[in-house]
Number of protein chains: 2
Amino acid sequence: MRGAQGDLLRLVAAGHAESRAELARLSGLAASSVSLRVEELIGSGLLVEEGAGTSRGGRRPRRLRLSPGAGLLAVADLGAHHARLGLLDLSGTPLVVEERPCDILEGPEATIDWMAAAFEDLLAAHAPPGVPLRGVGTGVPGPVDPATGRVVAPSRMPGWNNFPVADRLAAHFDLPVLVENDANLMAAGEARAWPKCETLMVLKAGSGIGCGVIVNGALHRGRGAAGDISHVRVRSDSSVTCSCGHDDCLEAYASGAALMSVLGEQGIEVRRPADVVALVENGVPEATALVRNAGRLIGEVLTVLVNFINPDAIVVGGSLSPAEPLIASIRAAVYERCLPLATRDLEISTTRSGPDAALLGAGSLLLDAVLA
Amino acid sequence: MRGAQGDLLRLVAAGHAESRAELARLSGLAASSVSLRVEELIGSGLLVEEGAGTSRGGRRPRRLRLSPGAGLLAVADLGAHHARLGLLDLSGTPLVVEERPCDILEGPEATIDWMAAAFEDLLAAHAPPGVPLRGVGTGVPGPVDPATGRVVAPSRMPGWNNFPVADRLAAHFDLPVLVENDANLMAAGEARAWPKCETLMVLKAGSGIGCGVIVNGALHRGRGAAGDISHVRVRSDSSVTCSCGHDDCLEAYASGAALMSVLGEQGIEVRRPADVVALVENGVPEATALVRNAGRLIGEVLTVLVNFINPDAIVVGGSLSPAEPLIASIRAAVYERCLPLATRDLEISTTRSGPDAALLGAGSLLLDAVLA
DNA sequence: CGGCCTATCTTCGATTTCGAAGGAAGTTGG
DNA sequence: CCAACTTCCTTCGAAATCGAAGATAGGCCG
């Protein structure tokens, strides 16, 4: 899928272009060249022409789509106790998504081999015959060195430090492989749902707190830890030491794990962040107060970042995100304290992509590798 | 200077390429095409061939430079009481730089007309005959809407709110015009001096506190206020109300203006941030303690941003930056509290471009507009 | 219903770009 | 000093790209 040809496919797959005319506008190529190229791509079975689009005042465009037979992507989002796994077509539409229990404490080798087997499962059960697998990707709950695909200094993945996850996956599938932090994948997934936003902050509020940053439409990786907000010192009366060794990290107060531990001390049994959400929805005052406080702390941290980055939107996802008081108090803190220039037109809302955001993000990033 | 031709010129002007071979590598064009294009550019007097470069193991390259006659850029950096003005050639080398007193309180019309007259002065005195002015740019000490070139809600520029600075300048010179926040220009200028750094935070510590952000090699503007760190709430025992209406903003504790006001209360007369630096260098303990505290507060704010953005370097400039304790305490705070992954290989140091950084940055950004 | 307008897509000759081959001008190492 | 190798740059036929003109197909409106 060489360069210029790949550019056209990418534009169609990413949903940016639906017709030859749009391709010409976005790719910068002449309309005639686009027509030629598209004809070739249709000839080789990668694109299909499908009906007509809506008119913009003239002749209706002939709508282009990626052929369902163009290929599949196998993607996963690895959590501490569960993994979501899915198959996508090249335009990122899920064919199937499953959640399976799995334990990353069994170590990287076992977990990745398990993942490879799960992918084979899914392919056997759901892949249409003759459609090739074109790429494999996974999110992991820790920092990933973007250059090497290794996990680096993960606090929630004991035994995984410096493990070459990408290499191990590539040993199973001789294909483009993507390994990325889970919050970053979520951000990449949301980015597709917010096409008008160039700069985006995507917060993952689950048992941990993660954040992914989209700058200028592209995921910002930094050295692999970009987006980390969990170890920021928060203003607090008491003093708690975080697992990172510092005092009063945001994570120690506002993460799902922290909330659960406080609730546990109060004799309220919770096992997953979703249980906290349920308590809030049932009006349990202890849970509501805790969540509201967590939102305020998160919001105060976001305040600094919003002034600095001026995002177009802040998207809140993760298993804690359905709790209304969380996002309400985040909003309150940000709108109250940020510069007017930074908050006018700033949207703060919950995920548009839902629980599959990270899988969709993996698909979106993988596409670039596959069509390079 | 149409597209592809402009790309080649830009690569030479920005100092990225010095030979046809380098141009071919960086532009992605075939070597033969580059040769053709370069021949045309030499023919039209924009490029000149000048001696030979150093061999990389084979034939020596024929060094290319922008012709000194290719054009000039007039650039300024507007401060509260002074303006730096300069003329640059298209590769960003200063022909002349001057500092002149000027008072932005006289309002935008008067100030911009004054600036235009000053540019005419400089051109009459220093421009080689026949070399055309190709672009005009200025930095202003407030937020600028990147789309319109208007100043937006500036706290230190009363009377300038929403004034179309770019339009007024364009009325004097019918040329590409650039108007940008001063800290952003400084960041753009430093970026050229840190070519290996993709992500850069440039702090301007003067009478105010500003910051410019380079992400992926390009200036990040956001909505025009990106990089603002002055109105972040800091941890403090006392309570000070900032001009923005909130309490305990960084600016109210750590800006040059704040330091000067505290020193004044202690009976120590200072008139400019540079006087504070002199006091520190002379070992006046009150000044040293104040500066050290300012560095700590700034450092604690940077902590959050470093974890989030993972810059390759933090560059400190501005009139307060020569004060050693300032940068020392910034370093201490950042290295102590940030994630190891974010601080390994993170460089924190003072400006490489010196006091002309903003002018050089204006040149660098203008070049893109001129060669578009 | 029938012009008129707009937008999409194709055709085809002119132009640009490519890339393989080769010449030019060095360095390196015996 | 000479042969082998690198890198830089140009030459020239082949291939891709462009762009103007035209064909196609719809919307809009009297």
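Only a predicted model underlies this, so the values are computations on that prediction, with no experimental measurement involved. Order of the sequence lines fixes the chain letters, A, B, ..., with proteins taken first and strands second; residue numbering starts at 1 for each chain.
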Note to self: Expressed as a whole number of angstroms, how long is the span from A/Arg56:CZ to C/dC9:C1'?
What the structure shows: 14 Å

Item checked: Interatomic distance, A/Leu64 CG vs C/dC9 P [rounded to whole Å] -> 7 Å

Next item on the list: Measure the shortest side-chain to side-chain distance between A/Thr93 and A/Leu88 over non-hydrogen atoms and say whether it is less than 4.5 angstrom.
Entry: no

Next item on the list: Drop me the distance from A/Asp89's CG to A/Leu95's CG, to the nearest 0.5 angstrom.
Entry: 6.0 Å

Next item on the list: Starting at atom CZ of A/Arg25, determine the distance to atom C1' of C/dC9, rounded to an integer number of angstrom.
Entry: 12 Å

Notebook entry, point to check: Atom CD of A/Gln5 to atom P of D/dA16: distance rounded to whole Å?
Noted result: 10 Å

Item checked: Euclidean distance, atom CZ of residue A/Arg63 to atom C1' of D/dG26 [Å, nearest integer] -> 15 Å

Note to self: Nearest 0.5 Å, please: how far is CG in B/Leu41 from CG in B/Leu36?
What the structure shows: 11.0 Å

Margin query: Using only atom types and a distance under 3.5 Å, with no angle test, would you say the side chain of B/Ser33 pairs donor to acceptor with the backbone of B/Leu29?
Written below: no

Item checked: Phosphate contact (D/dT10 OP1 or OP2) by B/Arg62 side-chain N/O below 4.0 Å -> yes

Check: For the pair made of CZ in A/Arg60 and C1' in C/dC5, what is the distance, rounded to whole Å?
Finding: 17 Å

Check: Distance-only, no hydrogens or angles: does the A/Asp145 side chain make a donor-acceptor pair with backbone N or O of A/Ala147 under 3.5 Å?
Finding: yes

Item checked: Of A/Glu22 and A/Gly58, the one whose closest DNA chain C nucleotide lies more 5' -> A/Gly58

Check: When rounded to the nearest 0.5 angstrom, what distance separates OG1 in B/Thr199 from NE2 in B/His220?
Finding: 11.5 Å

Item checked: Stretch residues 13-21 of chain A: residues that reach within less than 4.0 Å of DNA chain C through a heavy atom -> A/Ser19, A/Arg20, A/Ala21

Check: What distance separates A/Arg223 CZ from B/Arg344 CZ, expressed to the nearest 0.5 Å?
Finding: 7.5 Å

For nucleotides 18-21 of chain C, list the nitrogen or oxygen atoms of the protein found under 3.5 Å from its nitrogen or oxygen atoms, one pair per line.
{"residue": "C/dC18", "atom": "OP2", "partner": "B/Ala30", "partner atom": "N", "Å": "2.8"}
{"residue": "C/dC18", "atom": "OP2", "partner": "B/Ser33", "partner atom": "OG", "Å": "2.6"}
{"residue": "C/dG19", "atom": "N7", "partner": "B/Ser32", "partner atom": "OG", "Å": "3.0"}
{"residue": "C/dG19", "atom": "O6", "partner": "B/Ser32", "partner atom": "OG", "Å": "2.8"}

Notebook entry, point to check: B/Arg150 side chain to B/Asn162 main-chain N or O, any donor-acceptor pair under 3.5 Å?
Noted result: yes

Notebook entry, point to check: Of the candidate nucleotides D/dC8, C/dT27, C/dC9, which contains the atom at the shortest distance from the side chain of A/Ser35?
Noted result: C/dC9

Margin query: Rounded to whole Å, how long is the line connecting atom CD of A/Glu49 with atom C1' of D/dT24?
Written below: 14 Å

Notebook entry, point to check: Has the side chain of A/Arg59 got a donor or acceptor atom sitting under 3.5 Å from an opposite partner on the base of C/dT8?
Noted result: yes

Next item on the list: Report yes if a side-chain nitrogen or oxygen of A/Arg37 is closer than 4.0 Å to either non-bridging phosphate oxygen (OP1 or OP2) of D/dT17; otherwise report no.
Entry: yes

Item checked: Side-chain heavy atoms of B/Leu73 within contact of B/Val136, under 4.5 Å -> no

Margin query: Can you measure A/Glu39 atom CD to D/dA16 atom P for me and round it to whole angstrom units?
Written below: 16 Å

